[in-house]
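None of the values given here were measured: they were computed from a predicted structure.
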Amino acid sequence: MQSITKTLPRALILDYGNVLSLPQPPEIVTAMAVRVGVSVEAFTAAYWEHRRGYDAGTYPADEYWRRVLGSLGRAPERAEERGLPGWLAERDAASWMCYRDEVWTLAREARGRDARTAMLTNMSREIADRIRAHRPLDAWFDAVIVSAEVGLVKPDERIYALCLARLDAAPPQALFVDDRPENVAAAARLGMRTVYFAGTDPVADLRAALRR
């Protein structure tokens with residue numbers, strides 16, 4: 001793998017979902033939809049409809065899945081008797097734990113060259129706990145900002161400011177990487193350099209941005 005040159009930003013800030021992780025495996029999403037008894041399209045719409053509040057820490061996993069099932073016309077009380085919310089929570093966590101190891105390596109390389117690194121993610125407490133149990137995040141990151149733990153969700157500019165403060169970096173010193181355009185736009189408004197992590201080879205685009 002090509003190494004990062006010495007012209008690194010002072011701070012490298014990475015999103016988790018679809019950046020440090022691979023996209024959710026379609027087979028897991030399909031399995032959840034089949035278990036609920038709805039189409040993948042309907043399940044996905046309900047899944048994201050209530051995700052912001054879950055990622056903000058407004059309600060825990062059980063309440064999140066009750067809301068999702070309610071939007072799909074399923075009786076949450078009956079679903080709970082069958083253990084469906086717990087089953088869905090397990091599959092959901094597994095779907096976000098397929099790591100994109102190339103990006104983790106870039107974070108470690110950047111840190112080895114004296115850049116400060118952060119993971120800044122919209123994520124529930126439950127999934128964050130799973131990831132921490134699986135990987136010692138402080139081996140890669142100087143700061144880990146999880147939306148549910150701080151009560152702020154991207155693209156709220158306050159969560160970016162919190163991350164920069166923990167890294168002791170000014171916006172122009174930071175390179176922010178995210179797969180959602182609204183999150184990238186918010187970082188750019190604050191004066192950060194940005195990489196929109198999308199397209200045919202987003203890892204190559206990130207490497208190029210780190211060299212520039």
Side-chain angles (χ1 to χ4, degrees), residues 14-100 103 119-131 134 145-160 176-189 194-200 202:
L14 297 167
D15 178 38
Y16 180 81
N18 297 327
V19 176
L20 286 160
S21 76
L22 296 167
Q24 288 178 291
E27 62 271 19
I28 295 182
V29 178
T30 298
M32 290 193 286
V34 169
R35 178 70 184 270
V36 175
V38 297
S39 69
V40 170
E41 292 76 14
F43 178 82
T44 301
Y47 177 97
W48 289 111
E49 178 186 356
H50 302 288
R51 199 72 180 190
R52 185 176 179 86
Y54 184 34
D55 286 345
T58 305
Y59 37 77
D62 285 350
E63 176 62 21
Y64 167 69
W65 289 110
R66 281 195 291 270
R67 290 174 182 237
V68 171
L69 291 167
S71 290
L72 293 169
R74 301 293 300 273
E77 293 78 12
R78 293 183 59 195
E80 286 175 349
E81 291 172 3
R82 295 192 298 271
L84 185 53
W87 185 92
L88 289 167
E90 289 287 334
R91 298 310 183 278
D92 184 37
S95 76
W96 291 112
M97 295 183 68
C98 301
Y99 304 118
R100 196 188 302 266
V103 179
M119 185 176 93
L120 175 58
T121 180
N122 289 350
M123 183 183 289
S124 69
R125 290 187 180 90
E126 290 84 358
I127 294 178
D129 288 345
R130 293 287 191 91
I131 294 167
H134 196 243
I145 312 295
V146 174
S147 60
E149 295 173 350
V150 299
L152 299 167
V153 179
K154 292 178 292 184
D156 187 324
E157 293 183 357
R158 292 175 295 173
I159 197 170
Y160 300 89
F176 173 78
V177 185
D178 201 292
D179 68 307
R180 290 186 177 267
E182 64 272 22
N183 296 341
V184 172
R189 286 194 298 270
T194 61
V195 172
Y196 176 37
F197 199 86
T200 56

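Listed by first and then second residue, the side-chain hydrogen bond (donor to acceptor under 3.5 Å, both in side chains) pairs that reach into residues 178-187 are N18-D179, K154-D178, D178-N183, sequence neighbours excluded.
The shortest side-chain heavy-atom distance between L22 and R100 falls under the 4.5 Å cut-off. Side chains of L88 and L69 form a contact here, defined as non-hydrogen atoms less than 4.5 Å apart. In this structure, D92 and E126 have side chains that are not in contact, with every pair of non-hydrogen atoms separated by 4.5 Å or more. Residues W96 and M123 are not in side-chain contact: their nearest non-hydrogen atoms beyond the backbone lie 4.5 Å or more apart. Between S95 and E27 the shortest side-chain heavy-atom distance does not fall below 4.5 Å. With contacts defined as side-chain heavy-atom distances shorter than 4.5 Å, the pair M32/W87 qualifies.
Between T200 and P202, the closest heavy-atom pair is C-CD, 3.7 Å. The minimum heavy-atom distance linking E149 with A128 is given by the pair OE2-CB, 4.2 Å. The two atoms that bring A186 and P155 nearest to each other are CB-O, 3.6 Å, heavy atoms only.
When L120, L152, N122 are each tested for a side chain to side chain contact (heavy atoms under 4.5 Å, CB included) with I145, only one passes: L120.
Judged purely by atom type and a 3.5 angstrom limit, S147 uses its side chain to pair as donor or acceptor with the backbone of D55.
Ion pairing between R130 and E90 holds under the 4.0 Å rule for side-chain N and carboxylate O. Taking a cutoff of 4.0 Å between a charged side-chain nitrogen and a carboxylate oxygen, R67 and E63 qualify as a salt bridge.
Between atom CG of residue L20 and atom CZ of residue F197 there is a gap of 8.5 Å, rounded to the nearest 0.5 Å. Note that CZ of F43 is 11.5 Å distant from CZ of R35, once rounded to the nearest 0.5 Å. Note that CZ of R52 and OH of Y64 are 14.0 Å apart. Values are rounded to the nearest 0.5 Å. Taking CG from L72 and OH from Y47, the interatomic distance works out to 13.0 Å, rounded to the nearest 0.5 Å. Taking CD1 of I127 as the reference point, atom OG1 of T121 lies at 9.0 Å (rounded to 0.5 Å).
Contacts of Y16 classified as ring pair (Phe, Tyr, Trp, His ring centres under 6.0 Å), with partners at least two apart in sequence or in another chain: none.
Under the 30°/60° scheme for interplanar angles, the aromatic rings of F176 and Y160 are found to stand perpendicular. Between Y54 and Y59, the two ring planes are parallel [angle under 30°; tilted spans 30° to 60°].
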